[in-house]
Amino acid sequence: MPLGTAHMTTTTGDVFRPEVWSPEVLRATENALVMANLVKRFDSLVTGKGDVINIPNLSNLTASDKSASTQVTLQSPTEVNTQISINKHKESSFLIEDLLKVQSNYELMAEYTSKAGESIARQIDTDLLNEYTNFTNTDVGTYGTDITDAVIVAAAEALDLANAPAEDRAFVIYPTQKSALLRLEKFVKSDWLGQYQSPTVVKTGVPSRFMWGDIYGVPTYYTKQVPLTAGTPTQTHNVFIHKEALALALQLAPRTQSAYIIEYLSNLTVVDTIYGVKPIRTDFGIEVRS
């Protein structure tokens, strides 16, 4: 005798199957943030007051021939100044209603406050990297083509010709270019250098969460904050800089403020900051195209 089709299944008995929630939340991945520590900082000059920083520029002098019984040759360069405007006020905020707060199994205030802080730091990195458009040194590389060893050498040479000191340089690349450089054997194989037991070129340098390595003595970082311009091909604007290429003046360090909004029976949290960015030695920065 056929049993029919009245079977107990996961559909008919779904009410008996509990949904299990992890005690951990899956946080959105955060971008690598690197630029704020690689540029010239003027935070202390604007702590609490002012909306413009004036930086006097000092010209080089030249050496003149001195002949017997003649006066020295006086020099009187007309100097200018560089201004940093403190004109960026950024905020990231959220509001959590009591019903959600009381019934949630998670510390939502803490979780989202952390995310708000990250969004502020990400914006500062973005603003600094977008200043590549104001660099005056000759760009190197080709849009749509991976960075090569020769391109890196050309970027370093351009800074050398601009009299940029060897220390305090940094190379900031989009993650796809990290992959491209990993395919160059000279950067990843110790035996290329004849040093089998030694670190490779990209395993040395100052420790950093998003520092990939050290190339020709220049710390190399990767971040998705490197600007992209859509097109055919997509234009990637990596940068090779000396610290004094760009300036950051953080007038108000990121702060967190919370208040209970009784009209909405909710907690409002705001993270904000005030700052300005400016290229100050435009020939100390190079766009490395890829």
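Taking all atoms of both residues into account, the shortest heavy-atom contact from Pro227 to Asn130 is CG-OD1, 3.3 Å. Of all the heavy atoms in Leu228 and Thr234, the pair that sits closest is CB-CG2, 4.3 Å. Pairing each heavy atom of Val271 with each of Ala116, the nearest pair is CG2-CB, 3.7 Å. The shortest non-hydrogen separation linking Ser290 to Ile147 is CB-CG1, 3.9 Å. Heavy atoms only, all atoms of each residue included: Glu244 and Ile280 are closest at O-CG1, 2.9 Å. Across all their heavy atoms, Tyr174 and Asn238 have their closest contact at N-OD1, 2.8 Å.
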Distance-only donor-acceptor hits, side chain of residues 154-163, under 3.5 Å, sequence neighbours excluded:
residue: Asp160; atom: OD1; partner: Arg169; partner atom: NH1; Å: 3.2
residue: Asp160; atom: OD1; partner: Arg169; partner atom: NH2; Å: 2.7

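Open room surrounds CD1 on Ile262; 12 or fewer heavy atoms of other groups in view lie less than 6.0 Å from it. The local environment of NZ in Lys101 is sparse, with at most 12 non-hydrogen atoms from other residues, nucleotides or ligands closer than 6.0 Å. Around atom CG of Asn60, no more than 12 heavy atoms belonging to other residues, nucleotides or ligands sit under 6.0 Å away. Counted within 6.0 Å of CD on Glu79, heavy atoms from surrounding residues, nucleotides or ligands total more than 12; the atom is thus considered enclosed. Shown here is Glu107, whose CD atom has no more than 12 heavy atoms of other residues, nucleotides or ligands within 6.0 Å.
Here the straight-line distance linking atom OG1 of Thr256 with atom CD1 of Ile120 works out to 9.5 Å at 0.5 Å rounding. To the nearest 0.5 Å, atoms CZ (Arg281) and NZ (Lys243) are separated by 13.0 Å. Put simply, OG1 on Thr273 and NZ on Lys88 are 12.0 Å apart, with the number rounded to the nearest 0.5 Å. Note that CD1 of Ile152 and CD1 of Ile215 are 4.5 Å apart. Values are rounded to the nearest 0.5 Å. Rounding to the nearest 0.5 angstrom, the gap separating the CG atom in Asn267 from the CG atom in Asp98 is 6.5 Å. Interatomic distance, Ser64 OG to Gln75 CD, rounded to the nearest 0.5 Å: 5.0 Å.
Linking Ile, Leu, Val, Met, Phe, Trp and Tyr residues whenever their side-chain heavy atoms come within less than 4.5 Å places Leu184 and Val218 in a single cluster. Under the 4.5 Å side-chain heavy-atom criterion for ILVMFWY residues, no single connected hydrophobic cluster contains both Leu128 and Ile84. Residues Val39 and Ile173 share a hydrophobic cluster, clusters being chains of Ile/Leu/Val/Met/Phe/Trp/Tyr side chains in contact below 4.5 Å. Hydrophobic clustering places Val277 together with Leu250 (ILVMFWY residues linked when any side-chain heavy atoms are closer than 4.5 Å, directly or through intermediates). When hydrophobic clusters are built by joining Ile, Leu, Val, Met, Phe, Trp and Tyr residues whose side-chain heavy atoms come closer than 4.5 Å, directly or via intermediates, Leu268 is grouped together with Tyr264.
Judged purely by atom type and a 3.5 angstrom limit, Glu287 has no side-chain atom pairing as donor or acceptor with the backbone of Thr133. Using modelled atom types, no side-chain atom of Thr223 and backbone atom of Val226 make a donor-acceptor pair closer than 3.5 Å. Side-chain atoms of Glu97 do not come within 3.5 Å of backbone N or O of Leu265 as any donor-acceptor pair. Not a single donor-acceptor pair under 3.5 Å links the side chain of Asn81 to the backbone N or O of Pro56. Remark: side-chain polar atoms of Lys66 are paired, donor with acceptor, to backbone N or O of Thr70 under 3.5 angstrom. Gln251 places a side-chain N or O within donor-acceptor distance of the main-chain N or O of Gly50, the cut-off being under 3.5 Å. No donor-acceptor pair closer than 3.5 Å links the side chain of Gln225 to the backbone N or O of Asp125. Remark: the backbone N or O of Thr145 is not paired with any side-chain donor or acceptor of Arg289 at under 3.5 angstrom.
Partners of Leu108 under the side-chain contact (heavy atoms from CB on, under 4.5 Å) rule, at least two apart in sequence or in another chain, are Ile96, Leu100, Ser104, Tyr106, Tyr112. Residues meeting the salt bridge (Lys or Arg N to Asp or Glu O under 4.0 Å) test with Asp146, sequence neighbours left out: Arg183. For Asp272, the side chain to side chain donor-acceptor pair (under 3.5 Å) criterion is met by His89, Arg255, not counting sequence neighbours. A search for ring-ring contact (aromatic ring centres under 6.0 Å, His included) contacts involving Phe284 returns His242, not counting sequence neighbours.
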- Item | Steps toward side-chain contact (heavy atoms from CB on, under 4.5 Å) verdict (Val239, Tyr221) | CA-CA 10 Å; Val239 296; Tyr221 302 83; over 6 Å; no
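Under the 3.5 Å distance criterion, with hydrogens and angles disregarded, a donor-acceptor pair is assigned to the side chains of Ser93 and Glu91.
Sequence neighbours left out, the pairs with a member in residues 126-154 that pass ring pair (Phe, Tyr, Trp, His ring centres under 6.0 Å) are Tyr132-His237, Tyr143-His237.
In this structure, Ser258 and Met109 have side chains that are in contact, with non-hydrogen atoms separated by less than 4.5 Å.
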